[in-house]
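The block underneath contains the structure these notes are about, expressed in structure tokens.
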Amino acid sequence: MEVLRIATSGSVDDGKSTLIGRLLYDTNSIPQDKMEALHAASKRKGLDFTDLSLLTDGLVAEREQGITIDVAHIYFSTPTRKYIIADTPGHIEYTRNMVTGASNAQVSLILIDARKGIVEQTHRHFFIANLLRIPYLVVCVNKMDLVDYNEARFNQIVEDFQQLLASASYKAQEVKFIPISSLYGENVATRTGSITWYQGPTLLDYLEQIAFDQEDSRHPARFPIQSVIRPRTTEYHDFRGFAGKVASGHFNVGDEIISLPSGQKSRIKTIEQFEKQLPAAHARESVVITLEDEIDSSRGNMLVKTDNVPEQRKEITANICWMDQQKLVAGKTYLLQHGINRVKAKVQQVNFVIDVTSYQHIEGKNDMGLNDIGSITLKTAQPIFADIYAENPANGAFILIDEFNNTTVAVGTLI
Amino acid sequence: MTHQINWEFPQALEDEAIYILRETAAQFEKPVLLFSGGKDSITLVRLAQKAFYPGKVPFPLLHVDTGHNFPETIEFRDWLVNTLGLDLIVRNVQDSIDQGKVQEETGKYASRNALQTVTLLDAIEEGKFDACIGGARRDEEKARAKERIFSVRDEFGQWNAKMQRPELFDILNGKINIGENVRVFPISNWTELDVWNYIRREKLEIPSIYFAHEREIIERDGLYWPYSAYLNTTADEVPFRQKVRFRTVGDMTCTAAVLSEADKLEDIIAEIMEAKISERGARIDDKRSEAAMEKRKQAGYF
């Protein structure tokens, strides 16, 4: 059974939580007791309808203010697919939480209020979906009921959005526009008959038919070593296996590999998954690999195939989103975590900060503030073996950690 | 949409959980697995076995025993630990009561659920555990839906929902200051149904109370409560025998039973698919207020 991960975004009051509530409701995913709690909570708030958004705003502070602060993860299934929705905040000050939710998504779902059209946050959300190269983008033009299900209004918004697409750096994204009304359930999981001019799929129909990307053959094989398994028991006296999750591509038994950074070569003897031995390991599978030769490899090292070895880098240029209250300062040293490998890294310079609505590069800055997106150059203490994010996202991203308070202060993608 | 049963377990979830467990073992000095004897922690034990196989599980299990557990759960716990050769640490809420650190609740709804947080925090401090692996799932409850996979807690075990670390891609940052600890949730992205499908696929043993059986119960507030010496009953609450099972394994004082004939896994799964009440709908501890779970998490609950 496949798992499809979706990140939703939109501006405040675009009806994101209501849309999710509607998806859950229409797929019978809300149990009766939760539904009753929603009725009661809506009544207490003096509403004359059941506020489905109360389902996802789980924190006291969120319910008080009626806004989403942090990512909520929500689940529903159809007979063929399991869906994970990262419901992310719309408020500009919580952009970092939006990036958090979007980083694992295969589908980015952007809501637009049909009355308001494209707003500043739409630019920001589209920019992030584009930056992270999320392969599928669904633009839901919501609250169609409030514009009398007007076709011209929908077409105008689609046209405006096309201009955004024209300026995007990542062109391979598949984009779908759907006119919906979350409140009345039009075109979410079903059709209510209010929109006759739209012939396309409902949101759920569209999600159901999204093809899963087979990255196996397209991306190079990368296996970061999480730990070395050395039981030293009587039964497994000489066993020495490398545990990890295949980041990208695939490995077969018999493949010639290189261990980085040592550069030592060997061949894959076995690929194991608990008590089973497998002929191959594919992207995102957690396995244990044993090699034919005793080579020196440990946590943080990476096994790759000899036909495609990533470049060794000590200086990297990356797009980053700054996520901390304390500003990024050029010249300061941070910890850079690339996958599971951590090295010290010094910010050489801030190349530019991007105005996400106009795409203009603001140059000559020496720092970056909370939620800023821009390009920086870093120098690392030890070389890392990363790929360009555009060529292999699974091996092209990293985070920066502040050494003094241990918090994650930035996410970066290699360019 | 009709409830068509899909018996297939999404394999991606197991791969993700194993990756998280390996990161936990590698990034922390003294991890511990919080074990309640329930289906989620049984699943965690299986995942831990797989993550380090053919090596042994590199951390002990910690059970915070409220003293009000179902005897069947304790029996199962000891059987599992013996069979798999795991290390088990048990800490008792009764000790915290005897030390005067917590006070037993009184009245009809008295439960030790809130009390166990204190025992847990003491056990963490005493054992110097820097990572506590728990079987919480985001689908359980709306405050849990907001939780990170590596969730940093301060030295009082407190969760600060507004100050959570960003968590990106599958990059896990387990760096903490001395005194802090991380709660790790490897099966965050699993649903109740995923857990059952996994138990079925892996043929895991589970405590007998998950299956339909006859036991003494009382009816209170529309729920079926297991009758035991720990439950404070009123004169009009007369126990009677009924065939029931439990959807979650909590304390005997705060876990309600459901009427059921399901005596094998397939029937349980079918029943869950048809259930009109959520899993935690039978947890009386969640019904205390709309923010019951968030408040408990702020206080250090797992």
Side-chain angles (χ1 to χ4, degrees), chain A residues 1-3 26-28 31-34 37 41 55-56 58-61 69-75 77-80 82 84 96-97 99-100 103-104 189 226-227 229-231 233 235-236 239 243-245 274-275 284-286 288 299 323 335 337 339-340 397-399 401 406-408 411, chain B residues 1-6 8-19 22-23 25-26 49-56 138-139 141-147 152 161-162 164-173 175-177 188-189 191 193-194 275-279 281 290-291 294-295:
Chain A
M1 193 181 199
E2 294 164 321
V3 180
D26 286 354
T27 53
N28 280 327
Q32 192 180 320
D33 60 327
K34 284 193 182 170
L55 193 68
T56 56
L59 304 173
V60 173
I69 292 171
D70 207 343
V71 183
H73 289 84
I74 295 141
Y75 306 84
S77 302
T78 63
T80 50
K82 176 187 166 91
I84 303 179
R96 60 177 180 170
N97 293 339
V99 179
T100 291
S103 67
N104 283 313
Q226 282 187 285
S227 60
I229 293 183
R230 206 65 241 262
T233 52
E235 196 183 347
Y236 295 99
F239 187 93
K245 188 172 68 149
F274 195 40
E275 289 164 332
R284 288 180 289 279
E285 286 179 356
S286 284
V288 173
R299 177 170 167 84
M323 306 179 137
L335 284 174
Q337 186 172 341
I340 55 170
F398 62 85
I399 58 170
I401 300 169
N406 297 325
T407 191
T408 302
V411 58
Chain B
M1 197 166 288
T2 55
H3 287 299
Q4 195 179 325
I5 297 176
N6 195 324
E8 204 189 325
F9 170 77
Q11 179 53 36
L13 297 178
E14 187 190 59
D15 289 315
E16 178 183 74
I18 287 174
Y19 170 80
R22 287 171 175 167
E23 278 309 283
Q49 261 189 297
K50 288 194 171 194
F52 306 101
Y53 185 88
K56 71 185 276 278
R138 288 166 173 159
D139 80 320
E141 206 278 335
K142 56 188 181 296
R144 286 229 160 120
K146 298 269 163 179
E147 185 95 62
V152 181
K162 275 190 167 177
Q164 298 202 79
R165 275 182 193 172
E167 199 159 70
L168 300 128
F169 303 101
D170 58 1
I171 307 174
L172 295 168
N173 171 12
K175 279 188 73 68
I176 50 170
N177 295 315
S188 279
N189 286 325
T191 60
L193 185 65
D194 293 328
K276 298 254 190 303
I277 303 293
S278 69
E279 179 185 6
E290 205 178 353
E294 185 178 348
K295 284 182 185 151

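Since the structure is predicted, the reported quantities are computational estimates derived from the model, not experimental observations.
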Does any backbone or side-chain atom of [X] lie under 4.5 Å from a heavy atom of chain B? Answer side chain, backbone, both or neither.
X      : result
A/I399 : both
A/T233 : neither
A/E275 : both

Original post:
Under the 3.5 angstrom rule, does the side chain of A/N97 hit a backbone N or O of A/V71 as a donor-acceptor pair?
Top reply: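 No, the answer is negative, given that no donor and acceptor are paired below the 3.5 Å cut-off.
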**OP:** Flag the one option from A/R299, A/E235, A/R230 with the top tally of heavy-atom pairs under 4.5 Å to chain B.
**Re:**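 If we count pairs closer than 4.5 Å to chain B, A/R299 comes out on top.
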Minimum heavy-atom distance [X]-[Y], with the two atoms named:
X      : Y     : answer
A/Q226 : B/Y19 : NE2-O, 3.0 Å
A/K82  : B/P10 : CD-CG, 3.8 Å
A/T80  : A/M1  : O-CG, 3.9 Å

Under 4.5 Å, counting heavy-atom pairs only, tell me which of [options] racks up the most with chain A.
options                        : value
B/E16, B/E8, B/R165, B/Q11     : B/R165
B/I171, B/D194, B/D170         : B/I171
B/I176, B/V152, B/L172, B/N173 : B/N173

**OP:** Starting from the C-alpha separation in whole Å, work towards a yes-or-no answer on side chain to side chain contact (heavy atoms under 4.5 Å, CB included) for B/N189 and A/Y75.
**Re:** CA-CA 8 Å; B/N189 286 325; A/Y75 306 84; 2.5 Å; yes
**OP:** Would you mind reporting whether A/R284 and B/D15 have side-chain heavy atoms less than 4.5 Å apart?
**Re:** no
Given that the side chain runs from C-beta out, which part of [X] has a heavy atom under 4.5 Å from chain A: side chain, backbone, both or neither?
X     : value
B/A17 : neither
B/L13 : side chain
B/K50 : both

**OP:** List the steps and the verdict of side chain to side chain contact (heavy atoms under 4.5 Å, CB included) for A/V288 and B/Y53.
**Re:** CA-CA 9 Å; A/V288 173; B/Y53 185 88; over 6 Å; no
